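For reference, the structure discussed in these notes is given below.
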Amino acid sequence: MPAHDLELKKTVNLPRTDFPMKANLPQTEPKLLSRWNEEKLYEQIRRSCAGRPRYVLHDGPPYANGRIHLGTAFNKILKDFIVKSKTMAGFDSPYVPGWDCHGLPIEIKVDAELGGKKAEMSPVQVRLACRKYAETFVHLQSEDFQRLGVFGQWDDPYLTMSGAYQAQIAEAFVEFLDKGYVYKGLKPVHWCMRCRTALAEAEVEYEPHASPSVWVRFPLVSDAARIDGALAGRRVHALIWTTTPWTIPANMAIAFHPRYEYVAADVSGDVYVVAKDLLKETAEKCGWAEAKALAQFSGGKLEGALFRHPFLERDSGGILADHVTLEQGTGAVHTAPGHGQEDYSVGQQYGIPTYCPVDADGTFFHAEGAAGRLPEDLIGKSVWDANPVVTGLLRERGALLAEKRIDHSYPHCWRCRRPTIFRATEQWFIGMERHNLRQRALEEIKRIKWIPAWGEERLSNMIATRPDWCISRQRTWGVPITVFYCQGCGEPLTDRKVLDGVVKQIAAHTADVWYEKTAAELVGAGAACARCGGTSFRKETDILDVWFDSGASHLAVLNQRYGLDWPSDLYLEAGDQYRGWFHSSLLVGVGLRRASPYRECATHGWVLNREGQAMSKSLGNTIEPEEITQKYGAEVLRLWAASMEFSEDVRISETILARLTEAYRKLRNTFRYALGNLPDFDPAVDQIPAGEQLEFDQWVLVRTEQLIERCRKQYEEFEFHKVYQALYNFATTDLSAIYFDVIKDRLYTAAPRSRARRSAQTSLYRLTHALVRLMAPLAPFTTEEAWGHLRKLPGDPASVHLTLFPEPGFPAGGLAGRQRERLASWEKLMPVREQVLKALEVARQEKFIGAPLEARVRLSAGRELYPLLEEYLEELPALFIVSQVALDDHATAALAVHVERAEGSKCERCWKYSTSIGFDPDFPAVCQPCSGALREMLA
RNA sequence: CCGGGAAAAGCUCAGCGCGGUUUGAGCACUCGAUCGAUAAUCGAGAGGCCGCUGGUUCGACCCCAGCUUCCCGGACCA
């Protein structure tokens, strides 16, 4: 390169900036995070929002067990989008994160860690171990979430195991009790008779087991003709099959499927009602030589029929249930509500008592709740020993038609490995019909805004059909059900004053106080049993369902303590929470506050892998958030979350992340280009009023205004993927491909302080100022970095996260209406530009030109376009990035583009071809405009 | 099996509350340009039985029904 070229190059205003091209996110993000921490940025944001209208997103507590996964990361990032965008839209939007700390999964993990030691430990010691376990993961998860750039009150989150929260849970229970929602009832649960304990689903293991299966007949005692005329006067029986003969004493009903076809089969005089499709198999099992069908009818006919228990003095009614199947048995299902979950729920529907004559040891006793006294042979016998006794009784009465051992998988206790049983135990319930709770909840659902709309139907269906809420668990790690029982008569003590006193003690000492103190200490002086006047009590040992804990979060958190209001504006969780948190929170809200704790409820989808399948640890197809932050940076993970339509299931894969990394680079380079061309631009003095800018620079500002409008609206509607696409398309198309490319010549070659260059810089500055803020909720790290490199206007805070979104009128404010109208011309010129670029491409393919600046473009156009092109002829070379543009006088109908070699020679400074090279003797190698610029620079 | 949801270029998304020309964008891809945004930038091109099958209609990606696959919750297995 000749010496004078070097000299000329120095006079070109090339970009320079400290904003690096390479982000190095995994290294730079933690630095920014610690800076934000030191500066207490979240608190600054809170202070800056004082007095604004409030917008409360109430955080659903993740379970404090294990590290975060992509699902929880996705959830938190989405919440952060909402909180940050609401804040920047002018709301006071605090974010108080929380954790769900009680419950079985933790207790089981701790159990496993403690092993045999647990037996020697007191409940308080076990609870302490659970608390420590939960604390560990609260801290780990907190760090993980903060690493993602989620802003919030991390130094004071809500924990369901804190004393205050536990007291709130207990208080909520007491209120439910006081208002009359709570009752004590029986419900079958997995029960280990050796350990004398209820077992959760997670605590039973299925192992092979041999059971004595039996076919038993129940004679019909109601009018057979009502089932079918052909049965009048016949000896009709229902025929049931069961693998647990010992539950026959607890039989209370016989269930039929409402839509299946049944036949009444004559077997040597006795008539048996059996599902049509199971007749053949049943005949084989029972050894019937001949079974003649007398009648056929649908199961619905059997509802209300009465059958006599084979050896007890009571009748079992015919009922209808969808759970009856045709896979095994007879299609007539022995129903013992005290010993089976489905039997129980169908029993509830028919108002059949949950009768359970088996005690905690698994032995029979004379229980209340059903007619017919058990034979003394059974009393005191364990259920396993009772099997032969029952079959013996059945055989004696001629009720046993067949018996056959069956090997099947059967639930066993995970501790002692013994087979378990289903046994009705006393449980606490919240009655869905009490005070019309169900109906009121359904009404309330209609008032909530659901995003997406189908959420309403989904939760309504669940609430409409759910059974009463069983809120008790036979566990240690949780909030105790704070009820006492009279030692004398067993009556529960539910005196509100006493229970309120307990709540206070929990608030002061955590719920451990329930286990540390005696009943007498907790009750205090002066309490007496309402029934017998007794003054000595024992404590309830059950704890509350953890869904009750988290369902009460709105009571514990949306209050003064956290500076929040009840109800919240929004809940946002994955779709599994219709069964969980959305559900329990609504019931607690409607029950205790007569309204939903959320005005809006948004759902996001599940995170799936590349093939669209669920990720699970057992399949080993998971990607950890930490992996992504370490390899790509949290910003890329956030862009991933932003680019997805979150209401549907979303996918993640290496390919997707690679794309996003590239998109990230493009966005970053957009900022870099703008910042690189602004080092000598002081917005306080160098800005040109919009009305005095070049039209093309006005045009890009108006485009920016449209972008602002769109983005603000889409943030408001939580359509983050549309914000992302809008921002990204704007950066790639409007800016990189068009505006930046076109103004490059002016920025580089015009005199630094010329109006032409300052006009472009003004647009660059203003659009960057807007763009950085628009993108801040999605990309908090990079926008903060860019903001730091952008010169501030008076009033601009140090952090972009303390700013508001740009107003739609911000970029081109001061532009007169007439000027705005003129910009429509530029929209019309854009298609012309596209055609010119195509023509240049053809010329390039033909090797007629290389760089576009070697070209002169000759246009001819029809009547419509010609005047416009003529008007803007001066601007066209810049817009097309060619050296010259000529316009043919005889206008053709359609636009035609001809590419010619540019006239003159190449200016060594601006590289455009010109006939004015050497015009200025002082600068012989440059064109006339360049010499002018050079003179200006030297002056 | 029941309740809810989803299916469109390789990827991420528009579009279709009001059915009507060959369905769009960006990225990725291919080819080319540039070497003054340079581990950047610009241009052009090629990619789609709009999951399948029926129906309504003069006409369907769009409306209706059924099916297939996937996801969430529940039931069953127990």
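Note on naming: letters A, B, ... go to the chains in the order of the sequence lines (proteins, then strands), and numbering restarts at 1 for each one. If you're wondering where the values come from, they're calculated on a predicted model, not measured in any experiment.
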Under 4.0 Å: is that the gap between some side-chain N or O of [X] and OP1 or OP2 of [N]?
X       : N       : answer
K22(A)  : rA39(B) : no
Y578(A) : rG74(B) : no
W454(A) : rG5(B)  : no
K722(A) : rU12(B) : no
H604(A) : rC72(B) : no
R672(A) : rU38(B) : yes
K666(A) : rC42(B) : yes
K744(A) : rA37(B) : yes

Name the nucleic acid region contacted by [X], choosing base, sugar-phosphate or nothing; use a 4.0 angstrom heavy-atom cut-off, strictly under.
X       : answer
Y673(A) : base
Y724(A) : nothing
N669(A) : base
Q725(A) : base
Q341(A) : nothing
A737(A) : sugar-phosphate
R909(A) : base
G676(A) : nothing
W911(A) : base
T655(A) : nothing

In whole angstrom, give me the gap between the [atom1] atoms of [N] and [M].
N       : M       : atom1 : answer
rA39(B) : rU21(B) : P     : 48 Å
rC42(B) : rC35(B) : P     : 16 Å
rC67(B) : rC58(B) : C1'   : 28 Å

Please work out whether rG47(B) sits syn or anti, treating a glycosidic angle within 90° of 0 as syn.
syn

Lys/Arg N to Asp/Glu carboxylate O, [X] vs [Y], below 4.0 Å:
X       : Y       : result
K446(A) : E456(A) : no
D680(A) : R757(A) : yes
E841(A) : R844(A) : yes
K631(A) : E654(A) : yes

Evaluate the criterion ring pair (Phe, Tyr, Trp, His ring centres under 6.0 Å) for residue pair Y571(A) and W581(A); output intermediate values, then yes/no.
CA-CA 9 Å; Y571(A) 276 29; W581(A) 195 54; 4.0 Å; yes

Whole angstrom is fine here: how far is it from [atom1] in [X] over to [atom2] in [N]?
X       : N       : atom1 : atom2 : answer
N729(A) : rA28(B) : CG    : P     : 13 Å
F19(A)  : rA40(B) : CZ    : P     : 15 Å
F848(A) : rA33(B) : CZ    : P     : 16 Å

Is there a Watson-Crick or G-U wobble partner for rU69(B) with both distances under 3.5 Å, and which nucleotide is it?
rA6(B)

If pairing means Watson-Crick or G-U wobble with both distances under 3.5 Å, then the partner of rG43(B) is rC31(B)

Please compare I656(A) and R579(A) by the position of their nearest nucleotide in RNA chain B and report the one closer to 5'.
I656(A)

Which is more 5' along RNA chain B, the nucleotide nearest R651(A) or the one nearest E854(A)? Just name the residue.
R651(A)

Examine the base of rA37(B) for any acceptor or donor lying under 3.5 Å from a partner atom in the side chain of S736(A), and report the outcome as yes or no.
yes

Just by distance, with hydrogens left out, do T425(A) and K187(A) show a side-chain donor and acceptor under 3.5 Å apart?
no

Less than 6.0 angstrom from the centroid, inside 45 degrees of the normal: does R668(A) satisfy that with respect to the ring of F19(A)?
yes

